[in-house]
Amino acid sequence: MFAVTLESAKTIAVAVVVIFIAGAFLAAWIMKTIVQKVATVLVLALLAFAVSSQRTSLQECADRVQDNIEKDRMTITVTETDCSFFGTTITVKDPRVDVDPA
């Protein structure tokens, strides 16, 4: 049978503590990289959802602008249309209206 002296038990205990501490740092580093990857995937998925929903909103706005075009023979008039883009209201005006030169 293997006999352990007090000194060898102390040495083994110190070695085991060092191994456990090194293992704790390694596990923390591995979990940190995994959490960073998961967080990155979640952020990118949320951004993709936001862009997709805004694309739908912009398409609906384009349809409303198209509906607000009045045709009278050769004259086409575009009435102002309010659209929402990321929660901000944007007014789409007739682009042919002369802008006051400054």
Side-chain angles (χ1 to χ4, degrees):
M1 183 140 178
F2 182 64
V4 178
T5 63
L6 180 59
E7 289 303 316
S8 63
K10 287 180 183 181
T11 305
I12 292 171
V14 168
V16 169
V17 167
V18 169
I19 290 171
F20 282 158
I21 290 173
F25 281 113
L26 181 64
W29 180 75
I30 289 171
M31 284 188 265
K32 179 186 83 160
T33 58
I34 291 171
V35 169
Q36 286 174 341
K37 289 176 184 176
V38 169
T40 301
V41 168
L42 288 176
V43 166
L44 290 176
L46 287 173
L47 288 173
F49 174 74
V51 169
S52 175
S53 67
Q54 288 306 303
R55 182 196 168 283
T56 303
S57 176
L58 288 175
Q59 182 60 49
E60 291 170 359
C61 178
D63 294 340
R64 280 197 311 269
V65 170
Q66 186 70 28
D67 292 342
N68 287 341
I69 294 176
E70 298 174 3
K71 297 177 184 175
D72 182 23
R73 294 189 185 182
M74 299 298 287
T75 305
I76 298 175
T77 304
V78 179
T79 57
E80 291 183 354
T81 305
D82 288 335
C83 298
S84 176
F85 186 70
F86 284 106
T88 303
T89 301
I90 299 170
T91 302
V92 179
K93 299 178 182 180
D94 189 344
R96 297 168 297 147
V97 176
D98 291 331
V99 179
D100 195 20

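One distance of note links CZ of Phe25 with CD1 of Ile30; it measures 14.0 Å at 0.5 Å rounding. The CD1 atom of Ile19 sits 10.5 Å away from atom CD1 of Ile12, with the distance rounded to the nearest 0.5 Å. In this structure, Gln54 CD and Ser52 OG are separated by 9.5 Å, a value rounded to the nearest 0.5 Å.
Between the side chains of Ser8 and Thr11, no donor N or O sits under 3.5 Å from an acceptor N or O.
Linking Ile, Leu, Val, Met, Phe, Trp and Tyr residues whenever their side-chain heavy atoms come within less than 4.5 Å places Trp29 and Ile34 in a single cluster.
When each of Val41, Val35, Leu42 is paired with Val38, the side chain to side chain contact (heavy atoms under 4.5 Å, CB included) condition holds for Leu42 and for no other.
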